[in-house]
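Both counts, for ligands and for their atoms, begin at 1 and track the order of listing. These figures come from a predicted structure and were not determined experimentally.
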Amino acid sequence: MSATNPVFVALDTTESATAVAWARRLDGLVGGIKLGLEYFTANGPAGVREVSGLGMPLFIDLKLHDIPNTVAAAMRGIARVGAAITTIHASGGADMIRAATDAARDEAAKAGVAAPAVVAVTILTSLDQAGAAAVGFAGPVQDQVRRLAALAQENGADGIVCSPLEVEAVRALCGPGFKLVVPGIRPAWSETGDQKRFLTPAEARAKGADVLVIGRPIIAAADPAEAARRIKAELGL
Ligand code: C5P
């Protein structure tokens, strides 16, 4: 029996035909598909269904952040599609996190599908120390990440999105059952980006990441299927 593949490939495109073609080529080589705002605003729920219809686990990454009532209503739409994972912002607060997680479970039960794992973004990794301070997150970013991770967990979230460099600290704080979804992954052979800020898939896994979000190293590769196959082999799958 093979272990579950932790890789969710980010199909960052506005074109549904492109996303469907990529998904078909990567079926069996990745653990699931991530669709984000770029895809959703171009193609809507119908476009999401074109991909979910292929039957691969789906991560709908819309990073919801609004008043609790609005987030709950939006979350019901996500749950009905049958997503495996979806995202909210922890900084929306305790009531918003609770509303999102309650709505996801309630709507999935009504629709007769599995509830999505609701994972919370803590501090966007695009914010550096100065950027985080400018929006009111005083103190070291690591402390803010830990505080927001705890808030998310206390209010029913299934996990958080965090950088590979935060995995160990959050795992120590939140325990083994908390899902750590980790972007910023670069295979050693990948030429995209600044290697120093990333970990390889195997390194991130060894630190305790549950889900590896990988975009350009797969979809911008000359042969995406071959890139996914190499990553899978590196993970011992
Ligand atoms: O960099 P790469 O192409 O591998 O990005 C994969 C995905 O991870 C993208 O969809 C991006 O939106 C997402 N991401 C994220 N949080 C970050 C960095 C990237 O959700 N801090």
Side-chain angles (χ1 to χ4, degrees), residues 5-15 18-19 22-23 26 29-43 47-48 51 57-65 78 83-91 116-129 131-132 135 137 141-142 144-145 148-149 152 157 159-167 169-170 179-205 207 209-222 224 227-228 230-232 234-235:
N5 189 331
V7 174
F8 273 68
V9 60
L11 300 186
D12 290 328
T13 175
T14 56
E15 302 300 322
T18 303
W22 273 333
L26 295 168
L29 300 173
V30 295
I33 299 295
K34 183 174 91 77
L35 297 175
L37 275 173
E38 170 182 354
Y39 186 84
F40 190 78
T41 55
N43 301 290
V48 173
V51 176
L58 186 64
F59 177 174
I60 302 182
D61 182 19
L62 303 182
K63 298 186 176 74
L64 302 178
H65 187 176
I78 292 171
I85 308 173
T86 194
T87 46
I88 59 174
H89 270 280
S91 54
V118 177
V119 303
V121 174
T122 54
I123 305 281
L124 290 170
T125 54
S126 51
L127 289 177
D128 60 10
Q129 190 68 54
V135 293
F137 292 113
V141 167
Q142 281 280 352
Q144 303 299 333
V145 168
L148 288 164
I160 64 159
V161 181
C162 63
S163 98
L165 306 176
E166 291 156 357
V167 168
V170 178
K179 195 184 277 290
L180 303 187
V181 174
V182 179
I185 306 286
R186 289 291 177 271
W189 43 265
S190 160
E191 290 180 11
T192 321
D194 169 3
Q195 298 289 349
K196 285 199 284 287
R197 296 184 53 236
F198 301 106
L199 291 186
T200 68
E203 285 167 346
R205 205 56 179 131
K207 283 186 182 292
D210 298 298
V211 172
L212 307 178
V213 174
I214 305 180
R216 286 162 293 178
I218 295 176
I219 62 171
R230 281 180 79 172
I231 291 168
K232 193 173 171 216
E234 283 172 28
L235 291 168

Verdict with supporting geometry, D210 and K179, salt bridge (charged side-chain N to carboxylate O under 4.0 Å, His left out): CA-CA 6 Å; D210 298 298; K179 195 184 277 290; over 6 Å; no

Using the side chain to side chain contact (heavy atoms under 4.5 Å, CB included) rule, take V211 and I85 through it: C-alpha gap first, then chi angles, then the decisive distance, then the call. CA-CA 10 Å; V211 172; I85 308 173; 3.9 Å; yes

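In the vicinity of A10, heavy-atom distances shorter than 4.0 Å reach the ligand 1 atoms 6 (C), 7 (C), 10 (O). The contact set between ligand 1 and R216, taken as ligand atoms under 4.0 Å from a residue heavy atom, comprises 1 (O), 2 (P), 3 (O), 4 (O). Near R186, meaning under 4.0 Å from any of its heavy atoms, are these atoms of ligand 1: 1 (O), 2 (P), 4 (O). Every atom of ligand 1 is numbered from 1 in the order shown, and the set under 4.0 Å from a heavy atom of P217 is 4 (O).
The shortest non-hydrogen separation linking Y39 to V51 is OH-CG2, 3.7 Å. Considering all non-hydrogen atoms of both residues, V135 and L127 come closest at CG2-CD1, 4.2 Å. Heavy atoms only, all atoms of each residue included: T87 and K63 are closest at OG1-N, 3.0 Å. Here the closest heavy-atom approach between residue W22 and residue P224 is recorded as NE1-CG, 4.4 Å.
For atom 20 (O) of ligand 1, the closest heavy atom belonging to the protein is K63 NZ, 3.2 Å. Atom 21 (N) of ligand 1 has as its closest protein heavy atom T125 OG1, 2.2 Å. Of the protein's heavy atoms, P183 CB, 3.7 Å lies nearest to atom 19 (C) of ligand 1. Residue, atom and distance of the protein heavy atom nearest to atom 12 (O) of ligand 1 are K34 NZ, 4.0 Å.
The closest heavy-atom contact to atom 4 (O) of ligand 1, among the options G36, G215, C162, comes from G215.
Using bins of under 30°, 30° to 60° and over 60° for the plane-to-plane angle, the ring pair F8/F59 lands in the perpendicular bin.
Look at D12 and you'll find a heavy atom under 4.0 Å from some atom of ligand 1.
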